[in-house]
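Working notes for the structure below.
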Amino acid sequence: MTGQEQHHFMARAIRLANQGLYTTHQNPLVGCVLTRDEVIVGEGFHRRAGEPHAERNALAVAGDKAEGATAYVTLEPCCHHGRTPPCTDGLIEAGVNRVVVAMEDPNPRVAGQGIALLREAGIDVVSSVLESEARALNPGFIKRMMAGTPYVRCKLAMSLDGRTAMASGESKWITGESARLDVQRLRARSDAIVTGIGTVQADDPSMDVRIDLSLLDGVEFETDRPRPIRVVLDPGLAMPADARMFRLPGRTQVICVGDPGPARQALESADGEVIELPGEGEAIDLQSLMTHLAGEEINEVLIEAGPTLAGAALAAGVIDELVIYAAPHIMGSDGRGLFHLPELELMRDRVELSITDLRMVGRDIRITARPGICAQ
Ligand code: AOF
Ligand code: ZN
């Protein structure tokens with residue numbers, strides 16, 4: 001088995017895993033390819049929590065041909081009884097000869113034990129094949145398992161001169177249709193969309209996924225799926241009970257600081273969930289928010305908010321990735337900026353970023369960046 005072969009079949013397993021992008025929530029995306037004499041005899045991916053794992057789907061396709069086969073799996077096979085039986089048992093019982101794994105499962109219930117069990121059963125295990133590509137499939141699942149918080153993206157749209165709204169507040173639309181569709185993809189893969197009460201009061205947004213299924217690059221998406229959860233940060237509980245979000249399918253959580261008093265009942269009867277979190281006066285503690293969301297098994301969070309919340313999230317260090325759309329127009333010197341960061345005064349206080357991706361989306365530019373200086 002050459003390195004080239006390993007890369008070839010693992011790359012296919014990664015593409016299969018990606019088929020679960022909009023459906024596996026809260027489980028990771030996983031793909032599996034079974035080969036015999038370099039010919040694929042079975043393949044599969046994990047579609048939905050509670051349903052069979054990638055390995056079981058691939059084994060079902062291969063049937064008897066799994067005996068003596070090599071399994072390429074993007075995540076270490078599980079060895080625990082969760083909602084489904086252990087994949088290690090399935091692979092051993094099917095008589096697989098060799099298992100090629102891209103990365104260890106960060107879930108503490110697995111964490112290397114799956115690989116150890118396969119080896120104990122006499123199966124040859126090769127690990128870390130296309131590891132960084134496999135890691136990129138599951139930034140949220142990995143971060144939640146390792147750090148107890150979700151992976152957080154913050155999406156922003158601006159004019160080329162860095163403005164997000166005219167001084168009057170008018171902001172529709174900054175970016176073009178293609179960029180707005182791209183945002184729908186970001187929403188569709190997120191488990192929660194977080195915004196601030198200021199945005200709700202100004203725009204009464206839906207924070208919903210409205211997408212033409214044919215535009216999702218062939219990846220499955222179910223419109224009836226109750227996701228992502230909408231989360232409104234509303235320290236003083238000023239959320240109107242007739243907000244548009246409450247009339248849409250799916251969950252809406254309103255996060256406040258301290259006892260919300262009678263306002264709670266009005267929101268709860270509108271189908272809202274009111275959650276109290278620690279904070280100081282007007283500000284919710286964003287670390288506590290992320291711990292709370294991880295407790296809800298939320299892997300990926302999208303912040304879509306104005307400069308106050310975006311600035312607070314950046315300053316609190318909870319953002320993993322910025323997705324900034326820059327539109328080819330100038331909004332002028334009185335327009336609003338992206339981040340409210342009053343504490344920045346000196347050049348040495350600047351927030352350093354590393355740009356990880358840059359591309360055109362229609363007529364707009366999409367910049368993806370991470371806070372901090374990353375090694376190249
Ligand atoms: C695999 N293959 O395709 C997936 C794995 O509740 P369960 O039974 O679905 O188990 C969920 C856990 O199993 C999940 O947290 C992760 O550790 C692992 N996911 N493992 O071998 C798969 N989806
Ligand atoms: Zn499994």
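Atoms within each ligand, like the ligands themselves, are counted from 1 in listed order. Throughout, residue positions are numbered sequentially from 1 according to the sequence presented. These numbers come from the heavy atoms of this one structure, side chains and all, not from hydrogens, waters or symmetry mates.
Under a 3.5 Å cut-off, the side chain of Asp357 and the backbone N or O of Thr368 do not form any donor-acceptor pair. Side chain of Ser128 to main chain of Glu131: no donor-acceptor pair is present (N/O by atom type, distance under 3.5 Å, no hydrogens or angles).
The closest approach between Arg109 and ligand 1 stays at or above 4.0 Å for every heavy atom of the residue. Not a single heavy atom of Ala49 sits under 4.0 Å from any atom of ligand 1. Using a 4.0 Å cutoff on heavy atoms, Phe141 counts as a contact of ligand 1. Note on ligand 1: His81 sits outside its first shell, no heavy atom being nearer than 4.0 Å.
Note: no N/O pair closer than 3.5 Å links Val30 and ligand 1 by distance alone. For the pair Met145 and ligand 1, the shortest N or O to N or O distance does not fall below 3.5 Å. Residue-to-ligand polar distances keep Glu51 apart from ligand 1: every N/O pair is separated by 3.5 Å or more.
The closest non-hydrogen atom to atom 22 (C) of ligand 1, taken over His53, Arg83, Arg47, Arg144, comes from His53.
With rounding to the nearest 0.5 Å, the separation of CG in Leu16 from SG in Cys32 is 9.0 Å.
Take the Zn ion (ligand 2) as the corner point: the lines to ND1 of His53 and to SG of Cys78 open at 110°, to the nearest 10 degrees.
Counting heavy atoms under 4.0 Å from ligand 1, residue Ala54 touches it through both backbone and side chain.
For ligand 1, the atoms lying closer than 4.0 Å to a non-hydrogen atom of Glu55 are 1 (C), 2 (N), 3 (O), 21 (O), 22 (C).
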